[in-house]
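Values below: all heavy atoms of this structure, side chains included; hydrogens, waters and symmetry mates excluded.
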Amino acid sequence: MSFFVSVVLPVLILLGVAVASPFLWSRLLGEGVGPLALNAALSVVTCIVAAIAMRFVLTDVTGIAPLLRWTGLTALVWGPAVILALAQQPSRWKEEEW
């Protein structure tokens, strides 16, 4: 596989999922601190599932340990994007106050 398919494309996809998932979950969950915490948990789970799915598509998975290692390494990519997208959520609230 080429560098673009094996490295660049997965990073871009994971960044897209990491930025989009908090905004999509906020539409379903509403405003407030409680829904924001639930949004954080659901966004992290969404990114983990996306990383695992990408691992299955790109490579031959040989066990659970490499899969967990892959997911941990990808958290370095999508973690900061999720945090920044979640930090922006309260500025979009219309009814609740931070």
Task: Nearest-0.5 Å distance, OG of residue Ser26 to CD of residue Gln88 - done: 9.0 Å
Kindly list each side-chain donor-acceptor pair under 3.5 angstrom involving residues 66-73, sequence neighbours excluded, with atom names and distances?
residue : atom : partner : partner atom : Å
Trp70   : NE1  : Ala51   : O            : 2.9
Thr71   : OG1  : Leu67   : O            : 2.9

Task: Beyond-backbone contact of Thr74 with Ile48, side-chain heavy atoms, under 4.5 angstrom - done: no
TODO: Find the distance between CG (Leu29) and CG (Leu42) and round it off to the nearest 0.5 Å.
DONE: 6.0 Å
Task: Minimal non-hydrogen separation, Glu31 against Arg92, with atom names - done: OE2-O, 4.2 Å
Taking only distance into account, with no hydrogens and no angle test, what donor-acceptor pairs under 3.5 Å do side-chain atoms of residues 7-23 form with protein atoms, sequence neighbours excluded?
residue : atom : partner : partner atom : Å
Ser21   : OG   : Val17   : O            : 3.0

Task: Heavy-atom check, side chain of Leu86 versus side chain of Trp25, under 4.5 Å - done: no
TODO: Check whether Val45 and Leu76 end up in the same hydrophobic cluster, where Ile, Leu, Val, Met, Phe, Trp and Tyr are linked by side-chain heavy atoms less than 4.5 Å apart.
DONE: no
